[in-house]
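Report on the following structure.
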Amino acid sequence: RTFKDFLPSLGLEFDIDPEVMIYGTYTKGFKAGGYAQFTSSSEFDSETVDSFEAGVKSQLFDRALTLNVAAFYMKYKNLQEATTITLESGAIRNIVGNVAASKVKGIEVSANLRAGSGVELYADVGYLDAKYSRYPGAPCTIAQSLTLPAPCVQNLAGSVRAFSPKWSGSVGFNFTN
């Protein structure tokens, strides 16, 4: 199989002053299709994403504080995901395929404070809203498959994508002598 796509990228940045820069980007992403096992269709198509990001990068208070903020929005088409299905025989299989369309948006804030000689504090926090905008024919969970007739499917449109926590973050410090 051959996969081709036009992948434009555009980025703009503006230095408000030597310590503060704002930026915006657009990028089109592409993941080639492939072959799947254990499904009626042994092929899956390419995935594409339109990705937008805008943010501020800054170094304040004589470079003692680095503060960065980024907001993003991504729109996926033909999203490829690994999913688990239960066959009519009861066997469970993991497969990869085109499952849906998805929209992902969020914001990330990162701060790093050099508090004194050898002391550095940092904190990162992220908010993520990642949902399927379309996902008809989604496989059921294993528990649903045990109680509903095969093949068990559901519509996950509007549902949160797997492994997409609303909030994430970290805090820490470094001390060097």
Side-chain angles (χ1 to χ4, degrees), residues 1-13 22-57 68-88 91-111 123-171:
R1 298 177 68 189
T2 301
F3 300 97
K4 296 179 185 179
D5 207 339
F6 176 63
L7 303 173
S9 180
L10 174 66
L12 300 170
E13 72 176 59
I22 60 174
Y23 69 94
T25 63
Y26 164 75
T27 304
K28 176 146 184 169
F30 168 83
K31 188 188 314 181
Y35 297 94
Q37 294 179 334
F38 311 116
T39 64
S40 58
S41 172
S42 63
E43 298 179 353
F44 57 92
D45 291 327
S46 301
E47 170 185 299
T48 60
V49 63
D50 289 302
S51 177
F52 302 86
E53 183 175 334
V56 176
K57 294 185 180 276
N68 300 324
V69 179
F72 56 90
Y73 174 80
M74 296 178 280
K75 186 176 180 180
Y76 289 87
K77 294 178 185 171
N78 284 331
L79 181 67
Q80 296 173 10
E81 281 193 355
T83 189
T84 303
I85 62 169
T86 304
L87 302 176
E88 289 186 28
I92 296 172
R93 297 282 188 245
N94 292 315
I95 62 166
V96 175
N98 298 105
V99 298
S102 175
K103 292 180 183 174
V104 178
K105 58 188 170 185
I107 189 165
E108 297 172 336
V109 178
S110 175
D124 298 287
V125 66
Y127 170 79
L128 183 66
D129 182 18
K131 294 182 179 172
Y132 297 109
S133 51
R134 182 180 47 77
Y135 194 173
C140 292
T141 65
I142 292 174
Q144 289 171 321
S145 296
L146 294 174
T147 60
L148 298 171
C152 180
V153 295
Q154 60 184 325
N155 187 349
L156 291 179
S159 298
V160 175
R161 288 182 52 190
F163 310 110
S164 301
K166 277 275 188 211
W167 292 97
S168 62
S170 65
V171 294

Original post:
Are Arg161 and Glu81 close enough for a salt bridge, meaning some N to O gap below 4.0 Å?
Top reply: yes
Original post:
What heavy-atom pair brings Asp124 and Ala111 nearest, and what distance separates the two atoms?
Top reply: OD1-N, 4.4 Å
Original post:
Can you check whether Ala157's main-chain N or O pairs, donor with acceptor, with Asn155's side chain at less than 3.5 Å?
Top reply: yes
Subject >> Straight-line distance of Tyr135 OH to Leu79 CG, nearest 0.5 Å >> reply: 8.5 Å
Subject >> Nearest-0.5 Å distance, CD of residue Glu47 to CG of residue Asn78 >> reply: 8.5 Å
**OP:** Taking all heavy atoms of Gly34 and all of Phe3, pick out the closest pair and write down the distance.
**Re:** N-CZ, 4.1 Å
Original post:
If you round to the nearest 0.5 Å, how far is CE of Met74 from CG of Asp50?
Top reply: 11.5 Å
Subject >> Rounded distance (nearest 0.5 Å) linking atom OG1 of Thr48 with atom OH of Tyr76 >> reply: 10.5 Å
Subject >> Stacked cation flag Arg1 on Tyr35, 6.0 angstrom / 45 deg >> reply: yes
**OP:** Of all the heavy-atom pairs spanning Val171 and Ala123, show the shortest one and how long it is.
**Re:** CG1-CB, 3.8 Å
Subject >> Main-chain N/O of Ala32 paired with Gln80 side-chain donor or acceptor, under 3.5 Å >> reply: yes
**OP:** I would like to know whether Glu53 and Tyr23 meet side-chain contact (heavy atoms from CB on, under 4.5 Å); could you show each step before the answer?
**Re:** CA-CA 8 Å; Glu53 183 175 334; Tyr23 69 94; 2.5 Å; yes
**OP:** Would you mind reporting whether Tyr127 and Lys166 have side-chain heavy atoms less than 4.5 Å apart?
**Re:** yes
**OP:** Measure across Ala130 and Val104 and return the closest heavy-atom pair with its distance rounded to 0.1 Å.
**Re:** CB-CG2, 3.9 Å
Subject >> Contact summary for Tyr132 and Ala100, nearest pair of heavy atoms >> reply: CD2-CB, 3.9 Å
**OP:** Measure the NZ-OG distance between Lys28 and Ser51 for me, rounded to the nearest 0.5 Å.
**Re:** 12.0 Å
Original post:
Ser9 and Thr27: which non-hydrogen atoms are nearest, and at how many Å?
Top reply: OG-OG1, 3.5 Å
Original post:
Should Leu128 and Phe72 be marked as a side-chain contact (heavy atoms from CB on, under 4.5 Å) after you check the CA-CA gap, both sets of side-chain angles, and the distance that decides it?
Top reply: CA-CA 9 Å; Leu128 183 66; Phe72 56 90; 3.9 Å; yes
Original post:
From Phe52 CZ over to Lys75 NZ, what is the distance, rounded to the nearest 0.5 angstrom?
Top reply: 9.0 Å
